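As structure tokens, the structure follows; a few thoughts come after it.
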Amino acid sequence: MIKHLQKLTLQIATVIVYGLFCAISLYLFLLSIFTTCFMAYTDEHVYYLGEVTILMCIGLVALCVFLSFMQKLKLRKQLELSEAERENQDIGILKTIGILLTIALGTGLIIFIVYMDLAPIHDQAMIYNSAHQLLQGDYTQWTYKEYFSMLPYQNGMVLMMCPFVWAFGDGALIAFQIFNVFMLFIAYIGISKIAGVYFGKKTMYLTYIALLMIIPVWTLVTYVYGMISAVCLAIWAIYFEIRFEQTQKWRDILIAGVLLFFSIMWKSNSQIFAIVISLMLLVHFIREKSWKSLVGIGFIVLCTMVQIKGIPIVMHYITGEDTTNGIPMIAWLAMGLQESSIAPGWFNAFPMNIYQDISTNQEIIKKEVYDSFRASFELFSQEKAYACRFFARKLASVWADPAFQFFTTVNTRDFEYRFPYVLKDFFYNGGVMNTIMYLLLNVLQSIHYFGLMLFIMMKRKELTLKKAHLIVAILGGFLFHFIGEVKTHYVLSYYIMMIPYIVEGYRAVVCKLANVAWRDKTEYRRLWNTMPVKMGMGLGVLILIIMVAKGPVVENTLKLGTDTQDYIWYCTNELQWQDDDYYKGKPKE
């Protein structure tokens, strides 16, 4: 009876996890081939553009055929080798490519960081400058109604920034950005090692190479904030939790807990990963009946609570100010259900306005937040078409923006000195190089999401919870930002976690097609009758139906591209950046 209940529980959990993953992957893929979002350099307003869907689909099919053809040619050259020798040869080549790309990209990013010398703005500037002030004994930003009085959960990031300021002084800005580069590569290694546990060495090296090619992350290293470090530590926490499942060694779960502690220090949203790790330990307990997994859950919860409760105590001891109150985190969830000048669910200063203009009392703030929730849900229930379009536009603004703020991460900080024209042409909307890069990123994003569909179609019989740690993290991030505040920088962390599944999806379809003797009609018919091909044909039919369909259902969910003409006008007319004396803010003194 217990074994039957155990098996049933695991089956239900598998259906829920992969059911949600399949639904989200399908939606993101369809969204990417019907809608594309671009962000304006002037005010970061999001434009929703239509797609040339049929060309994108033809291109994706052609890519699979091309990769299969190249794989077939490679196999012909390796006919005399055994399967093990082929594997070793391929891994050797991939290792070399990975090393060379790491050196090239790392060097390029460091040169870019030093040359651009971009100053932090908004929250970045507040965190960075406050670290300087904290070390100097200036606690102004912790006093009543100031930044850290409002946002006490940012204290961890300030503490983590202090060692850079202490060690490098005025050079801490550049030092931290270079640190981001190293942390990014370490994060990529962590994801790749998880991919190796799931799918083998070859996928591990291919995953690493694919991660290096995710262009939107390249400018994120200049962002003076804790996102890269937080996701890096969280990924390695997941890796050591996987090792704990395999080895049952206390050392692995201890390392996972400590990494998670510092990940949350860097970014409070990393609490999502604490939930993910706890859930996977619970699954392991149900599957293996290991009491150590329950102890592991307790330790993860302990590390999380020590960080949440302990840091305010430390900061109160240092500053003498009240560091336990401020704006409750739930206010950011309420803001995620409101409109914004950027796009639905983006930052609109709602939490700050309550704190500064209405009351600093947490009970009153919570009442205002709950009233906001009530108003949003009432509006959504009364205007269902609006609700559908609100969430679709919200999701599209982050998941269907192929740049993920690649450009605005830089051009919104063009005020320390004037960019040379070639850089302005690259980073500002309407530039020739900017347009070319947008098109490239748009194609790469559709390739990315199509890989998820290939993984689901080709690996549907191998979908187990033992390979779902990153998927559970992706689901957690997706669902959290479905309700809460969104920003493309935030979801980029989960975007890169999709890569192992994408690589494995393309590997599966390429190997399948490369081994088909296309001149053999019997084998051709056998391939045509396989389930993946039938699923692919079904996907194609669905795309054709959506292409010809009209009405509020598709227009409020997938066909959101109503701003195409406006964006063309914007790129044609808003060209102040071309002026020789253009800069975003005050010139450098």
Side-chain angles (χ1 to χ4, degrees), residues 20 22-40 43-53 56 332-350 369 371-405 408 438 442 445-446 449 475 477-491 494-495 542-570:
L20 282 172
C22 291
I24 290 171
S25 298
L26 176 61
Y27 180 72
L28 292 180
F29 171 64
L30 293 175
L31 186 64
S32 74
I33 61 174
F34 284 102
T35 301
T36 294
C37 294
F38 291 159
M39 182 172 276
D43 59 357
E44 298 186 84
H45 172 74
V46 173
Y47 286 96
Y48 296 84
L49 279 62
E51 276 278 11
V52 187
T53 304
M56 188 68 76
W332 303 94
L333 294 177
M335 187 177 70
L337 299 175
Q338 300 173 3
E339 292 286 355
S340 162
S341 61
I342 299 173
W346 285 64
F347 179 79
N348 65 6
F350 166 73
V369 169
D371 288 344
S372 174
F373 273 120
R374 190 179 302 111
S376 295
F377 290 134
E378 286 178 358
L379 176 60
F380 294 151
S381 64
Q382 293 168 5
E383 303 290 341
K384 293 181 175 58
Y386 166 74
C388 187
R389 189 165 179 80
F390 175 92
F391 286 106
R393 287 168 65 84
K394 179 180 180 179
L395 292 174
S397 68
V398 288
W399 293 103
D401 180 351
F404 287 92
Q405 293 183 270
T408 53
Y438 254 130
N442 189 28
Q445 186 179 64
S446 293
Y449 291 141
L475 294 179
F478 184 93
L479 295 175
F480 176 81
H481 291 294
F482 180 79
I483 300 295
E485 179 199 9
V486 292
K487 193 173 186 177
T488 52
H489 283 159
Y490 299 159
V491 304
Y494 308 101
Y495 187 78
L542 177 61
I543 292 170
L544 289 174
I545 291 173
I546 296 172
M547 285 177 61
V548 300
K550 295 181 180 180
V553 175
V554 293
E555 291 172 359
N556 289 336
T557 55
L558 295 171
K559 293 183 177 181
L560 304 172
T562 57
D563 301 333
T564 303
Q565 294 303 317
D566 291 341
Y567 184 71
I568 293 173
W569 184 94
Y570 176 81

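Below, each value reflects all heavy atoms present in this structure, side chains not excepted, and no hydrogens, waters or symmetry copies. Keep in mind the model is a prediction, meaning the values are calculated, not measured.
Residues Asn442 and Glu51 have side chains that bring a donor and an acceptor to within less than 3.5 angstrom of each other.
For residues 372-391, the set of pairs meeting the salt bridge (charged side-chain N to carboxylate O under 4.0 Å, His left out) definition, not counting sequence neighbours, comprises Asp371-Arg374.
To the nearest 0.5 Å, the span separating CG on Leu20 from SG on Cys22 amounts to 9.5 Å. In this structure, CG on Leu26 lies 6.5 Å from CG on Leu542, to the nearest 0.5 angstrom. Atom-to-atom distance recorded for Phe29:CZ and Met56:CE is 9.0 Å, nearest 0.5 angstrom. Interatomic distance, Leu28 CG to Tyr449 OH, rounded to the nearest 0.5 Å: 5.0 Å. Rounded to the nearest 0.5 Å, atoms CG (Leu395) and CD1 (Ile24) are 9.0 Å apart. In this structure, CG in Leu31 is found 7.0 Å from SG in Cys37, a value given to the nearest 0.5 Å.
Applying the side chain to side chain donor-acceptor pair (under 3.5 Å) test to Ser397 and every residue at least two apart in sequence or in another chain returns Trp346. Evaluation of the ring pair (Phe, Tyr, Trp, His ring centres under 6.0 Å) rule for Tyr47 yields His45, Tyr567, Tyr570 as partners, not counting sequence neighbours. Among residues two or more places apart in sequence or in another chain, the ring pair (Phe, Tyr, Trp, His ring centres under 6.0 Å) test is passed with Tyr27 by none. Every residue meeting the side chain to side chain contact (heavy atoms under 4.5 Å, CB included) condition with Ala349, not counting sequence neighbours, appears here in chain and number order: Phe347, Asn353. Residues passing the side chain to side chain donor-acceptor pair (under 3.5 Å) test with Asp563, sequence neighbours excluded: none. Remark: Gln338 engages Asn348, Ser372 in a side chain to side chain donor-acceptor pair (under 3.5 Å) (not counting sequence neighbours). Taking the side chain to side chain contact (heavy atoms under 4.5 Å, CB included) definition, one finds that Ser341 meets it with nothing, sequence neighbours left out.
Closest heavy-atom contact between Pro402 and Thr36: CD-CG2, 3.7 Å. Scanning both residues, Tyr386 and Glu339, for their nearest heavy atoms gives OH-OE2, 2.7 Å. Across all their heavy atoms, Ser446 and Ile33 have their closest contact at OG-CG2, 4.1 Å. Ala403 and Tyr438 get closest at one heavy-atom pair: CB-CE2, 3.7 Å.
Judged by distance alone, with hydrogens and angles left aside, the side-chain atoms of Thr564 form a donor-acceptor pair with the main-chain N or O of Gly50 at under 3.5 Å.
At a threshold of 4.5 Å between non-hydrogen side-chain atoms, the residues Tyr495 and Gln445 count as touching. You'll find the side chain of Ile546 reaches within 4.5 Å of the side chain of Leu558, heavy atoms only. Residues Leu337 and Phe380 are in side-chain contact: their nearest non-hydrogen atoms beyond the backbone lie under 4.5 Å apart. Two residues are said to be in side-chain contact when any heavy atoms from C-beta on lie closer than 4.5 Å; Val46 and Arg393 fail this criterion. Within the 4.5 Å cutoff, no side-chain heavy atoms of Phe350 are placed close to those of Trp332.
Residue Phe34 is tested with Leu560, Val554, Ile543 for a side chain to side chain contact (heavy atoms under 4.5 Å, CB included); the sole match is Ile543.
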Derivation of the side-chain contact (heavy atoms from CB on, under 4.5 Å) call for Thr35 and Leu49 = CA-CA 6 Å; Thr35 301; Leu49 279 62; over 6 Å; no
Show the numbers, then the answer: is there a ring-ring contact (aromatic ring centres under 6.0 Å, His included) between Tyr48 and Phe38?
-> CA-CA 7 Å; Tyr48 296 84; Phe38 291 159; over 10 Å; no
Ignoring hydrogens and angles, write down the donor-acceptor pairs under 3.5 Å from the side chains of residues 477-491, residues two or more places apart or on other chains.
from	atom 1	to	atom 2	distance (Å)
His481	ND1	Glu485	O	2.9
Lys487	NZ	Tyr223	OH	3.0
Thr488	OG1	Gln405	OE1	2.6
His489	NE2	Thr409	OG1	2.8

